[in-house]
There are 2 protein chains.
Amino acid sequence: MVPEIVVLRWELWGMRGVQLKTVAPAVRPAFADTIIKGDCVAALEQLPAHSIDVVFADPPYNLQLAGGLTRPDQSLVDAVDDDWDQFASFEAYDAFTRAWLLAVRRVLKPDGSLWVIGSYHNIFRVGTMLQDLGFWILNDVVWRKTNPMPNFRGKRFTNAHETMIWASRGPQSRYTFNYEAMKAFNDDVQMRSDWLLPICTGGERLKDAAGQKLHPTQKPEALLARVMLASTKPGDIVLDPFFGSGTTGAVAKRLGRHYVGVEREQVYIDAATARIAAVETAPAAALELLRGKKAEPRVPFGALVERGLIQPNEIMTAISGRHQARVRADGSVESGSHTGSIHRVGALVQGFDACNGWTFWNVHRNGVLTSIDALRQIVRDEMAVAGG
Amino acid sequence: MVPEIVVLRWELWGMRGVQLKTVAPAVRPAFADTIIKGDCVAALEQLPAHSIDVVFADPPYNLQLAGGLTRPDQSLVDAVDDDWDQFASFEAYDAFTRAWLLAVRRVLKPDGSLWVIGSYHNIFRVGTMLQDLGFWILNDVVWRKTNPMPNFRGKRFTNAHETMIWASRGPQSRYTFNYEAMKAFNDDVQMRSDWLLPICTGGERLKDAAGQKLHPTQKPEALLARVMLASTKPGDIVLDPFFGSGTTGAVAKRLGRHYVGVEREQVYIDAATARIAAVETAPAAALELLRGKKAEPRVPFGALVERGLIQPNEIMTAISGRHQARVRADGSVESGSHTGSIHRVGALVQGFDACNGWTFWNVHRNGVLTSIDALRQIVRDEMAVAGG
DNA sequence: GCACAGCATGAATCTCGTC
DNA sequence: CGACGAGATTCATGCTGTG
């Protein structure tokens with residue numbers, strides 16, 4: 001699935017141009033929305049490099065459960081499970097972690113990101129390995145449980161949280177973060193690194209034929225939903241290398257994302273398949289993400305002058321009233337000896353390195369001091385009606 | 001050595017009282033309640049082996065900050081750029097961590113325990129090294145900050161917490177944990193692994209002659225108080241190998257514990273000495289008054305969608321029936337061309353500057369128009385236990 | 001003296017597209 | 001790849017100055 005290069009012809013306010021643009025294929029790859037049976041590292045070799053947008057991983061930390069650990073060279077690790085031989089156990093776990101993280105790193109897109117969830121038993125080793133392999137940690141996010149299991153023996157604090165590490169492929173990656181959507185979600189305050197959510201119980205918890213919980217560590221869908229709403233866009237492909245009961249797949253489908261799962265146990269594959277089949281994708285209108293200004297079409301300041309929303313020679317003022325600037329016909333402005341863009345002059349008159357001229361400068365309209373950003377919004381609204 | 005009866009007037013974190021108390025003359029080693037000047041590893045060689053009950057360590061975080069960071073108002077953030085936080089590589093940081101942890105391990109009593117605080121920059125490496133050296137992790141405790149610095153560029157989640165690792169010297173250690181005291185402290189429910197506390201500001205924050213913060217990373221006394229009340233007994237000796245502004249010493253003295261500090265900078269030693277001299281030891285009765293107060297938990301609108309109490313694409317209406325809005329999966333809403341949070345869209349459709357979306361919007365439930373504020377109460381009740 | 005507005009600041013790995 | 005320039009972006013709290 002090679003990105004396609006298309007020729008875009010555009011016309012905007014009487015200006016025309018041609019632009020080359022790469023367009024991701026609308027056709028989803030064959031591996032999308034499938035569960036691959038097998039060991040994590042071996043199964044991931046079936047996927048093409050740089051084909052995954054986001055990874056969510058809930059790796060095992062009990063070495064007995066992990067079983068069959070392999071080193072990066074595929075040789076089997078002789079896992080020691082005696083309590084006294086911690087070093088050998090940790091070494092085995094590190095080899096296992098290194099192997100699956102390398103496999104995941106290969107299939108992750110350069111601008112993709114990765115989530116790993118764990119507890120104090122394993123998360124420190126995972127975090128260290130992530131850093132050693134060149135991943136760039138963006139946040140550690142704490143899932144605070146409303147209803148954790150109490151500490152029955154009264155020997156420690158109630159273990160009431162788990163830790164997720166969110167990392168990009170490297171320091172230069174331009175990962176996805178839906179900042180505006182998260183902020184709206186959180187009543188117009190930035191989303192914090194601590195999330196309060198109940199554990200997975202009740203009807204959401206999958207049961208086996210005997211009525212017992214099917215999977216020991218089934219994660220709540222709300223947790224995965226927040227992960228995907230924060231770090232993916234509709235249509236993205238989310239890989240879960242330890243698929244288990246398929247929470248990642250169910251939430252991906254519900255939110256209009258694609259999933260790829262890797263799972264060794266047929267019983268989990270069967271349960272997850274049935275579970276995902278019963279999920280309906282939310283309507284497209286509900287999946288639109290609130291987008292910030294960065295995602296809106298760029299409107300140059302000159303366009304406002306061109307459209308007559310601001311007159312050549314008109315005086316703009318700062319809110320404080322302390323600064324003024326004169327608009328010139330070409331969209332540049334001058335203030336005393338300073339000339340340049342609205343941003344540059346705004347910075348110069350304040351003695352700053354930078355300034356957002358859109359929010360700094362104002363003009364009088366109907367006797368009211370009006371931000372030029374509000375005038376820009378008029379143009380943007382017109383563009384939206386015209387189909388952007 | 002007859003026990004003496006004294007009258008104690010106490011004031012502790014805003015509370016006051018008077019108490020009669022018998023004071024038993026304590027035998028303490030010569031190094032108790034002193035600050036050793038020098039490099040951490042070298043200085044610790046002066047202490048006898050197995051002489052310390054609990055260690056609290058706040059090592060350099062290795063922040064790896066690149067350029068400067070400005071707030072939206074263009075003011076410069078005063079970053080931690082001190083020499084002591086600079087390391088050439090992860091390898092160098094690991095070597096440093098290994099060295100001081102080994103030095104600390106030598107002086108720790110067999111049944112002693114150790115706390116280390118850090119952020120995602122370093123805490124994973126510290127945790128891994130602890131495990132590799134044979135320490136036994138008891139809990140990872142999350143310090144949730146009520147007032148963290150925001151993420152100014154909107155590129156990540158607000159980094160709103162730091163992580164403390166609490167570990168015993170080994171799996172067989174019989175460490176101190178004051179379970180009943182912690183439970184009483186926490187209104188008779190088990191103390192959880194997530195603690196909500198403000199950062200150190202205001203009068204508690206030490207200032208230099210110029211009125212600037214003396215130390216870049218001074219920790220709040222309330223944090224240390226909870227650490228010591230949980231894991232030490234009166235008269236215990238607490239070692240802080242990165243003493244800094246001396247919070248550990250001040251709290252140890254206030255709570256009737258002894259401290260040993262190691263610090264390289266004379267300016268910090270002087271400030272900590274003066275600070276600790278001004279501290280009075282509190283009577284036990286004062287400590288019983290320490291209760292975690294629970295604020296009403298904040299429930300963002302997105303959480304209602306996340307929890308399934310409101311469906312994506314569902315229509316909300318104003319009481320008047322004049323306005324409608326559609327809910328999207330990310331917790332944002334849209335009404336015509338208006339998009340944003342419940343509050344913002346509520347304001348926009350009415351032409352107001354502000355609106356409380358919780359009381360403005362309603363949904364139909366069992367044929368009845370129901371305020372979304374009522375749905376919020378359902379979630380709030382579930383969350384009350386977790387302490388906001 | 002009090003109320004209120006405005007300012008200052010905190011362990012931070014904090015831009016992106018185009019030429 | 002680097003340089004350049006447009007332009008996007010903050011929450012809780014405590015202190016200071018003013019009326």
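Because only heavy atoms are used, hydrogens play no part in the values below, and waters and symmetry mates are left out as well, while side chains stay in. Throughout, a chain's letter reflects where its sequence line sits, starting with A, and its residues are numbered from 1.
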Send over the distance from [X] [atom1] to [N] [atom2], rounded to a whole Å.
{"X": "Asp111(A)", "N": "dC16(C)", "atom1": "CG", "atom2": "C1'", "answer": "12 Å"}
{"X": "Asn178(A)", "N": "dC14(C)", "atom1": "CG", "atom2": "C1'", "answer": "17 Å"}
{"X": "His121(B)", "N": "dA11(C)", "atom1": "NE2", "atom2": "C1'", "answer": "8 Å"}
{"X": "Leu206(B)", "N": "dG10(C)", "atom1": "CG", "atom2": "C1'", "answer": "15 Å"}
{"X": "Asp81(B)", "N": "dG10(C)", "atom1": "CG", "atom2": "P", "answer": "12 Å"}
{"X": "Glu204(B)", "N": "dG10(C)", "atom1": "CD", "atom2": "P", "answer": "14 Å"}
{"X": "Met164(B)", "N": "dA11(C)", "atom1": "CE", "atom2": "C1'", "answer": "15 Å"}
{"X": "Lys145(B)", "N": "dT13(D)", "atom1": "NZ", "atom2": "P", "answer": "14 Å"}

Practice task
Please answer whether the main-chain N or O of Ser119(B) pairs with a side-chain N or O of Glu162(B) as donor and acceptor at a distance below 3.5 Å.
Solution key: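 The answer is no, because no donor-acceptor pair under 3.5 Å joins these two groups.
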Practice task
Report yes or no: does Arg98(B) contribute a side-chain atom to a donor-acceptor pair with the main-chain N or O of Met129(B) at less than 3.5 Å?
Solution key: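 Judged by distance alone, no pair lies under 3.5 Å.
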Problem - Proximity to DNA chain D (any heavy atom under 4.0 Å), residues of residues 322-339 of chain A only - result: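 None - not one residue of the stretch has a heavy atom sitting under 4.0 Å from the strand.
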Problem - Arg156(B), nearest nucleotide to its side chain (from dA11(C), dC14(C), dA12(C)) - result: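 For Arg156(B), the side-chain atoms sit closest to dC14(C).
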Can you tell me, in whole Å, how much space there is between the [atom1] of [N] and that of [M]?
{"N": "dC14(C)", "M": "dA6(D)", "atom1": "P", "value": "23 Å"}
{"N": "dT10(D)", "M": "dA8(C)", "atom1": "C1'", "value": "13 Å"}
{"N": "dG10(C)", "M": "dA8(D)", "atom1": "C1'", "value": "22 Å"}
{"N": "dG1(C)", "M": "dT16(D)", "atom1": "C1'", "value": "16 Å"}
{"N": "dA11(C)", "M": "dC15(D)", "atom1": "P", "value": "15 Å"}

Exercise for the section: Tell me yes or no: between the side chains of Thr339(A) and Arg326(A), is some donor less than 3.5 Å from an acceptor? Expected result: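 Looking only at side-chain atoms, Arg326(A) and Thr339(A) do not form any donor-acceptor pair under 3.5 Å.
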Handout entry: Modelled atom types, side-chain donor and acceptor of Gln190(A) and Asn186(A), under 3.5 Å
Key =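 Judged by distance alone, the side chains do not pair up.
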Exercise for the section: Take Arg275(B) and Glu221(B) through the test salt bridge (Lys or Arg N to Asp or Glu O under 4.0 Å) and record every step on the way to the result. Expected result: CA-CA 12 Å; Arg275(B) 175 187 184 183; Glu221(B) 295 197 2; 3.0 Å; yes
Handout entry: Val251(B)/Phe56(B) under side chain to side chain contact (heavy atoms under 4.5 Å, CB included): CA gap, chis, key distance, verdict
Key = CA-CA 12 Å; Val251(B) 175; Phe56(B) 182 87; over 6 Å; no
Practice task
Side-chain contact test, heavy atoms from C-beta onward, threshold under 4.5 Å: evaluate it for Phe152(B) versus Thr70(B) and give yes or no.
Solution key: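 With C-beta onward as the side chain, the pair stays apart.
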Practice task
Validate the cation-pi geometry between Arg226(B) and Trp195(B): distance from NZ or CZ to the six-membered ring centre under 6.0 Å, angle to the ring axis within 45°.
Solution key: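 Cation-pi check for Arg226(B) and Trp195(B): passes.
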Give each protein N/O atom lying under 3.5 Å from an N/O atom of nucleotides 14-19 of chain D, with the pair distance.
none

Completion exercise
Under the rule of Watson-Crick or G-U wobble with both distances under 3.5 Å, where | means paired to another strand and [ ] a crossing pair, DNA chain D maps to .|||||....|||||||||
Problem - Neighbour count >12 (heavy atoms, 6.0 Å) for atom CG, Asp208(B) - result: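 Above 12, so yes.
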Exercise for the section: Taking only Lys NZ, Arg NE, NH1 and NH2, and the carboxylate oxygens of Asp or Glu, determine whether Asp194(A) and Arg192(A) approach each other closer than 4.0 Å. Expected result: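 Yes.
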Problem - Ionic contact status for Asp373(A) with Lys293(A), cut-off 4.0 Å - result: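 Yes, Lys293(A) and Asp373(A) are salt-bridged.
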Within the 4.0 Å heavy-atom criterion, would you say [X] contacts the bases, only the backbone, or no part of the nucleic acid?
{"X": "Ala79(B)", "answer": "base"}
{"X": "Asp85(B)", "answer": "base"}
{"X": "Pro59(B)", "answer": "base"}
{"X": "Trp361(A)", "answer": "nothing"}

Handout entry: Pairs meeting criterion side-chain hydrogen bond (donor to acceptor under 3.5 Å, both in side chains) with involvement of residues 128-140 of chain A, two or more places apart
Key =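 Sorted result for residues 128-140 of chain A: Thr128(A)-Thr128(B), Gln131(A)-Arg125(B), Asp132(A)-Arg125(B), Asp140(A)-His161(B).
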Practice task
For Leu348(B), check side chain to side chain contact (heavy atoms under 4.5 Å, CB included) against everything at least two apart and list the hits.
Solution key: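 With sequence neighbours excluded, Leu348(B) shows a side chain to side chain contact (heavy atoms under 4.5 Å, CB included) to His338(B), Arg344(B), given in chain and number order.
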Exercise for the section: Indicate, yes or no, whether a donor-acceptor pair under 3.5 Å links the base of dA11(C) to the side chain of Lys219(B). Expected result: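 Pair found.
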Problem - Residue mapping more 5' on DNA chain C - nearest nucleotide basis, Arg174(A) or Asn159(B) - result: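 Going by which nucleotide is closer to the 5' end, it is Asn159(B).
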Exercise for the section: Using the six-membered ring wherever Trp is involved, compare the ring planes of Phe242(B) and Phe96(B) and label them parallel, tilted or perpendicular (cut-offs 30° and 60°). Expected result: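 Ring orientation, 0 to 90° scale: tilted.
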Practice task
Quick one: sort the Trp166(A) and Phe177(A) rings into parallel, tilted or perpendicular, breaks at 30° and 60°.
Solution key: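 Judged by the thresholds at 30° and 60°, the geometry between Trp166(A) and Phe177(A) is tilted.
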Fill in the blank from the handout: 5' to 3', nucleotides 3-12 of chain D under a 4.0 Å protein heavy-atom cut-off (B base, S sugar-phosphate only, - none) gives ---SBBBBBS
